[in-house]
Number of protein chains: 2
Amino acid sequence: MEALPNPPARIADVAARAGVGIATVSRVVNDRGNVAAPTRERVLEAIRALEYRPSSVAQNLSLKRTLVIGVVLPFLTEASPIERVRGIVTALASSPYDLALYDVESADRQQRAFRLLADAHRTDGLLVVSLIPPDEEVRRLRAESIPCVLIDARHDGLPSVVIDDIAGGELATRHLLELGHRRIAFIGDKPADPFRFQSSRDRTIGYERALESAGVPIRPEYVREGTQSRYLARSIADELLRLPEPPTAVFAASDIQALGVLEAARGLGVDVPTQLSVIGFDDIEIASYVGLTTVHQRLFESGRRGAELLLLALAGEPAPSRVEMLPVDLVVRRTSGPPPR
Amino acid sequence: MEALPNPPARIADVAARAGVGIATVSRVVNDRGNVAAPTRERVLEAIRALEYRPSSVAQNLSLKRTLVIGVVLPFLTEASPIERVRGIVTALASSPYDLALYDVESADRQQRAFRLLADAHRTDGLLVVSLIPPDEEVRRLRAESIPCVLIDARHDGLPSVVIDDIAGGELATRHLLELGHRRIAFIGDKPADPFRFQSSRDRTIGYERALESAGVPIRPEYVREGTQSRYLARSIADELLRLPEPPTAVFAASDIQALGVLEAARGLGVDVPTQLSVIGFDDIEIASYVGLTTVHQRLFESGRRGAELLLLALAGEPAPSRVEMLPVDLVVRRTSGPPPR
DNA sequence: TTGAAAGCGATACCAG
DNA sequence: CTGGTATCGCTTTCAA
């Protein structure tokens, strides 16, 4: 249990002790053939004695690869990105790659993350989640042929894994329509949100499309694109429910927002689902606990699949397709039902 | 948007273009003084033109530091480790360090993780969560003076951040006692679990201690140390509730297990809290959604604090104390109440 | 103020 | 089979 007094052994130390050249040590360490058994034994003995372990940093420089995959993503503190990371971790577990996380909370941090990553070969490959990398960086990535896969985001030059948000929006809205609802409100993100980009917007489109094809007119006062926070969603829902003609159902663009809606309903004594139906989007873990009806998007799967595609690219195989669309499905639980009569 | 045809520029390219030596370029890049203004300008111009960015891999080798902090932890797929990671990410956000995650699901993966990390200077520092590193590795870490902080784990040679599990166990049990319960069961982890080590065991001790000082005898059939899974906890709770003299309250060593208990109760038509009180431990996010009474352990804070200590050590300042104990507190929600009469 | 050259710790080519 | 040596890209003395 006492500390070694010496600094870590280098390959030269091993070579010296074994009385061989460093090339031979390298061969033994990397299991390249062409080393006589007795020599190999001497080297191994020296390695053991000196507790030698190759410096990966030096290996990186020499081999021009790091065995590290960088994951850039915003809002690691929220539930959905975490699900995606789980998928990524799972896919990477059986690979030789390690994972470096770059959380992107603030704008400057974001810039730095991309900067770091484009930094030639700090990582062997990149997974960018819910974020659109600047054209500038994309160009560099390609120039240096660093493989990069987007998850929950799109960019012309890059392969990506996304879900069909429009279909999801339609699915949710159709569910409510089929239950008999006609006064269906929508709560979504700010359209300009640089992070979640098109997702919420596409869900709105799905919502509108479903209403149209059911012949239900879209009422502007029911379409509220505010923010992804639970608290703001709550206050928006509060307003909606106090409308002279309140909606009988609310479709929220995320479960987090749906939870805010549930809170608002509880606060006003509006019973769910008899007086108000609520449907979310994402199917985060909490959704199942509170019985939230929602659109399941395969968060875990998106991470897993994205990582898989990246591993393929890293292995030199070309990505099967540019944009891979993951299906969504409706999960009916306890917050949706027929409208009150 | 078209790709650069050339490989990334190296420092020598910049030097050549600016007509200076590489040393000068290095000075400019790293903002070391002693560069004449016109020279500096020429260099900056060359950097811009070539889109030069220093290779961090090469810098690592030269400087013997990586600006990466390694985080080793098991079960990233569960809620509590995630909370801790959030705390770590937060603390690291304002530092120059990046974060490399090593998830340790399986035993071999675990070995590999420690191996990688002890690997001289792949990371500048280590955060080990809910895991006890082998003595062997600890020795190496110290020998190579790589700072390492334990979170939710202890080891003689290393500073650590833990919570007071015994106090937590007492707190939970006392809460139930004060409500009037006398038949209080305990569901904990397998004592031999190599991952969660002492935590659950200590909570048991707290439980026993509280009962003792209240003069309530400990009934062996009420103390069930099984597993941390929700499903197994559910079936254990099921058994407990079918006992001729079932407990009126269950203290689970984790919220996950408590959720299993709640499921068992629901399955048997036992109402919570009128017929059965349930208290968990951890206060994971879901707890607040299902109204679970629990012992809040500062998961986020443990990560934050651990990272903070590591940053201090990295900055050369000595750790304030060897073992830092985070307080716990009772969060009373809707699953605990007086026992049925 | 500047540049040549010596590390940093590996890999791998090329002779021997 | 084995060893010397160039190389990876940067930082940092040491002289000029």
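Here is how names work: the chains are called A, B, and so on, in the same order as the sequence lines, proteins then strands, and each is numbered from 1.
- Annotation: the terminal axes of the helix from C:dT1-D:dA16 to C:dG16-D:dC1 meet at 40°, where each axis is the rotation carrying the C1' atoms of four end pairs onto the next four (5 pairs per end, rounded to 10°).
- By the side chain to side chain contact (heavy atoms under 4.5 Å, CB included) test, B:Leu310 pairs with B:Ile69, B:Leu127, B:Pro147, B:Val149, B:Leu314, sequence neighbours left out.
- Between the side chain of A:Arg322 and the backbone N or O of A:Gly157 there is at least one donor-acceptor pair closer than 3.5 Å.
- Considering only residues two or more places apart in sequence or on other chains, A:Leu150 meets the side chain to side chain contact (heavy atoms under 4.5 Å, CB included) condition with A:Val128, A:Pro133, A:Cys148, A:Ala153, A:His155, A:Leu158, A:Ser160.
- Evaluation of the salt bridge (charged side-chain N to carboxylate O under 4.0 Å, His left out) test over residues 9-26 of chain B, restricted to residues two or more places apart or in two chains, returns B:Arg10-B:Asp13, B:Arg17-B:Glu45.
- Every side chain to side chain contact (heavy atoms under 4.5 Å, CB included) that B:Ala36 has, sequence neighbours left out, goes to B:Pro38, B:Thr39.
- Listed by chain and residue number, B:Arg304 satisfy the side chain to side chain donor-acceptor pair (under 3.5 Å) test with B:Glu301 (two or more places apart in sequence, or in another chain).
- Every residue two or more places apart in sequence or in another chain that forms a side chain to side chain contact (heavy atoms under 4.5 Å, CB included) with A:Ile11 is listed here: A:Ile22, A:Val25, A:Ser26, A:Tyr52.
- Qualifying side chain to side chain donor-acceptor pair (under 3.5 Å) partners for A:Ser62, counting only residues two or more places apart in sequence or in other chains: none.
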B/S/- along nucleotides 8-16 of chain D (protein heavy atoms under 4.0 Å) is BBBBBB---

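- The nucleotide range of DNA chain C contacted by chain A, defined by atoms under 4.0 angstrom from heavy atoms of the protein and reported 5' to 3', is C:dG9 to C:dC13.
- For B:Arg42, the side chain to side chain donor-acceptor pair (under 3.5 Å) test picks out no residue, with sequence neighbours left out.
- With sequence neighbours left out, the side chain to side chain donor-acceptor pair (under 3.5 Å) criterion links B:Asp31 to B:Arg40.
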